Amino acid sequence: MHFHDASITAVVPLCEDVRRIEIEFPVSLPVFDPGSHLDLKIYVGGRSEIRSYSVVEHSAPRRLVIAVRRLPQSRGGSLYMHQLQAGDRLEATLPSNHFTLGLDAEEVLLIAGGIGVTPLIGMARQLKALNIPLCFAYLGRSRAAMPFLDSLSEEFAEQLLVWADEERGVIDLHALLAPLSSAGEVYMCGPVPMMDAVRSLWRAQQRAAARLRFETFGGAGVIPAQSFRVQVPARGLDFMVPANRSLLDALDEAGAEPLYSCRRGECGLCAVEVLALDGELDHRDVFFSERQKQEGQHLCACVSRVVGSITVELP
Amino acid sequence: MNLSPATDRTFPMNSWYVAAWDYELEHKLLARKICDQPVVLYRCKDGTPVALEDACWHRLLPLSAGSLVNDEVRCGYHGLVFNPQGRCTHMPSQETLNPSACVKTYPLVERHRFVWIWMGEAAKADPDLIPDVFQNHHPQWSGDGGITDLACDYRLLVDNLMDLTHETYVHGSSIGNDAVAEAPFTVRHTDDNVFLTRWMLDIDPPPFFKKQLGKPGNVDRWQMITFHSAATVTIDVGVAPTGTGAPEGDRSAGLSGFVIHSATPVNATSCRYFWAFLRNYKLADQRLTTEWREAARRIFGEDKSVLELQQKAVEQYPDREFYFLNIDGGAMWARRLIDRQIAAEIAQPDTAKLILRQAAG
């Protein structure tokens with residue numbers, strides 16, 4: 001992973017808590033690929049960490065745009081991003097893609113939840129340009145909390161379905177999926193509970209797992225991040241994980257030598273075994289199945305958290 | 001998509017290339033390298049051709065070393081399975097699928113007996129851009145073709161085909177004679193094509209055509225070459241007895257052939273040359289089909305010797321530019337179109353859509 005010496009060329013507030021940030025690279029960008037993201041080095045509590053952000057669009061041959069929501073319950077990355085101003089330097093990778101858009105679907109349903117709209121905007125544009133039947137569902141708490149809403153309404157007209165909970169209550173996902181043919185595909189990005197609900201419905205409707213695509217950056221969970229206690233008896237460890245640290249980083253720092261790879265809750269390598277729990281598990285990964293999450297015997301240390309205290313064993 | 005902004009690329013990615021002859025693709029895995037990318041090709045049970053990146057998402061083992069399970073490819077190492085859309089449908093020892101798990105797919109179109117592949121941005125893969133070589137599969141045309149692997153830059157083959165002066169010296173025993181080297185020609189171009197026309201009037205027919213025509217006396221011979229950027233050249237060739245009106249448009253006393261050449265870059269210094277030799281007379285004559293095909297194979301084998309020697313010479317003198325002659329006009333235009341295509345991919349068009357600058361809400 002090569003980090004370039006990039007810089008911020010513009011910061012624009014979009015809507016409550018969301019900023020559009022334009023980043024300039026010292027080299028030409030590869031062709032824009034919908035669903036792509038870049039990795040940035042951020043600083044939390046004096047430590048360098050890496051965060052991924054979806055690319056909304058390329059605004060010039062060397063410039064791209066991301067959008068960041070400030071999430072008080074997150075691990076501090078969004079707060080750092082919101083301090084940045086035009087002219088600030090930033091270390092960033094060129095975009096790469098884990099969330100590629102297939103172009104041979106009969107029809108596509110995009111489901112965006114809040115700031116999860118960012119990777120889907122480029123997809124919607126490409127699908128529209130190729131005349132692939134498209135429904136772009138944009139869900140959010142309130143219109144004021146949904147970035148790009150006005151411009152997307154204008155650009156996608158009747159292809160855009162806007163659903164603000166504040167106005168219409170919680171969306172009936174069953175009704176949202178119903179019109180989609182069995183050969184149709186879904187791409188989604190949004191809060192974990194929304195994606196969990198869609199995944200579970202998708203399974204219940206016996207749709208092909210490969211036709212449900214989603215992006216997760218180990219985003220915020222159902223419960224705001226808070227500090228919790230961890231014990232690792234095999235290594236004689238007992239420490240607190242601060243609200244702005246991941247369990248994985250805390251284990252690493254404490255010398256527990258955790259294994260990990262993706263750091264976004266997908267690969268399962270960082271899973272720890274739960275020996276005892278006093279409180280609640282906050283699963284934020286997509287590696288464990290619903291059944292496994294309910295069993296509560298394992299936890300993905302990179303993204304998932306705990307309310308209370310936990311005793312774990314590492315491989 | 002990883003279209004890296006490399007400046008020394010010799011081939012455009014956003015172009016249709018022949019990946020295979022129709023008969024080569026079956027319900028089994030076929031590994032090919034195209035434009036420096038490893039690709040695995042196969043047909044689904046219903047005949048639909050599929051092209052995937054030939055590297056497992058997990059540990060990069062070529063998927064072509066695995067096996068087909070119905071219409072999906074199973075990696076021969078840990079059993080990950082990928083469907084024709086490149087999505088992983090099975091992962092060992094876990095209850096979920098990693099959402100990032102997929103391999104790249106490449107658009108394919110089967111047309112005119114070739115399976116065409118698009119290695120660049122899938123969204124730009126417009127089937128209307130496929131060179132029209134309908135003669136390769138048409139009731140009024142007969143013939144067949146083959147494949148010749150060339151250890152040379154595909155552009156050397158394009159150069160070769162865009163200037164048939166070489167027939168006199170490379171193919172003297174078959175299709176060349178002095179008339180080819182001496183006849184004047186015209187060159188025209190558009191954004192995507194170069195046209196080169198050469199009429200050789202009232203000439204002694206070269207050996208191959210003399211035999212095919214089976215008529216005594218001199219002929220009017222034509223070569224109408226079309227370059228379809230980036231890698232296909234078609235040539236309308238033929239002879240008619242002099243005085244029967246061929247230059248004016250009446251070819252009825254003569255015979256026409258249509259030669260299709262498509263050079264698919266394997267990498268910067270090698271290519272796979274797909275060719276076909278079609279005729280519009282004695283359509284049912286299988287012997288003629290075989291004779292023409294084998295004659296073409298011999299003739300293109302002569303080109304292979306020259307082009308591979310030339311590639312070695314180019315590598316021997318990396319800093320030497322070619323000298324150009326009047327006869328190189330067609331080839332130079334072809335190269336210019338190729339260069340423009342590559343440049344357009346490197347200097348990405350400004351995709352700014354600034355309407356997303358929304359004011360605070």
Side-chain angles (χ1 to χ4, degrees), chain A residues 10 12-16 20 27-34 56-61 63 65 96-105 121 125-126 129-130 143-152 154-155 208-216 262 264 266-268 286-289 291-292, chain B residues 1-7 13-14 48 50 53 57-58 72 81-109 118 120-126 344-361:
Chain A
V12 181
L14 288 179
C15 65
E16 73 176 36
R20 173 192 190 277
V27 295
S28 292
L29 299 172
V31 171
F32 175 63
D33 195 13
V56 175
E57 62 187 359
H58 290 190
S59 48
R63 292 184 183 183
V65 172
S96 60
N97 205 342
H98 297 129
F99 190 36
T100 52
L101 178 66
L103 299 177
D104 47 8
I121 291 173
R125 286 179 170 165
Q126 192 162 86
L130 295 172
R143 286 179 178 261
M146 297 165 73
F148 304 118
L149 190 58
D150 293 345
S151 49
L152 292 176
E154 196 177 321
E155 191 173 349
R211 291 207 178 90
L212 174 63
R213 312 291 298 168
F214 48 93
E215 174 82 303
T216 164
C262 76
R264 51 177 187 273
E266 292 180 357
C267 73
V286 294
F287 171 75
F288 288 119
S289 67
R291 184 188 70 76
Q292 290 168 315
Chain B
M1 203 153 321
N2 271 337
L3 293 184
S4 60
T7 50
M13 302 298 272
N14 286 333
T48 309
V50 176
E53 182 176 20
W57 171 84
H58 175 221
E72 303 188 329
V81 178
F82 297 90
N83 71 10
Q85 286 73 43
R87 276 80 177 274
C88 183
T89 59
H90 174 78
M91 240 170 223
S93 296
Q94 61 183 69
E95 295 185 8
T96 56
L97 292 174
N98 187 316
S100 296
C102 59
V103 294
K104 199 188 294 185
T105 64
Y106 298 96
L108 288 181
V109 174
W118 183 275
E121 294 166 76
K124 293 186 175 166
D126 178 357
E345 290 174 9
I346 292 166
Q348 197 196 149
D350 193 349
T351 55
K353 290 193 176 97
L354 297 174
I355 61 158
L356 284 191
R357 282 180 195 279
Q358 180 180 309

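Letters go in sequence order (proteins before strands), and every chain restarts at 1. The basis for the numbers below is simple: all heavy atoms, side chains too, and nothing from hydrogens, waters or symmetry mates. All figures in this text were calculated on a predicted structure; none of them were measured in a lab.
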Counting heavy-atom pairs under 4.5 angstrom with chain A, the leader among B/C102, B/C88, B/P99 is B/P99

Check whether any side-chain heavy atom of [X] lies under 4.5 Å from a side-chain heavy atom of [Y], and answer yes or no.
X	Y	result
B/F82	B/H90	no
B/W57	B/K104	no
A/R125	A/E57	yes

Which region of A/R291, side chain (C-beta onward) or backbone (N, CA, C, O), has a non-hydrogen atom less than 4.5 Å from a non-hydrogen atom of chain B, or is it both or neither?
side chain

What part of A/F99 gets closer than 4.5 Å to chain B, counting heavy atoms only: side chain, backbone, both or neither?
neither

Contact class of B/A125 relative to chain A, heavy atoms under 4.5 angstrom:
neither

Measure distances from B/T105 to the heavy atoms of chain A and classify the residue's part below 4.5 Å as side chain, backbone, both or neither.
neither

Can you tell me which of A/S96, A/A210, A/A105 forms the most heavy-atom pairs within a distance under 4.5 Å of chain B?
A/A210

Answer yes if the side chains of B/E72 and B/N83 hold a donor-acceptor pair under 3.5 Å, and no otherwise.
no

Does a salt bridge link A/E215 with A/R264, judged by any charged N lying under 4.0 Å from a carboxylate O?
no

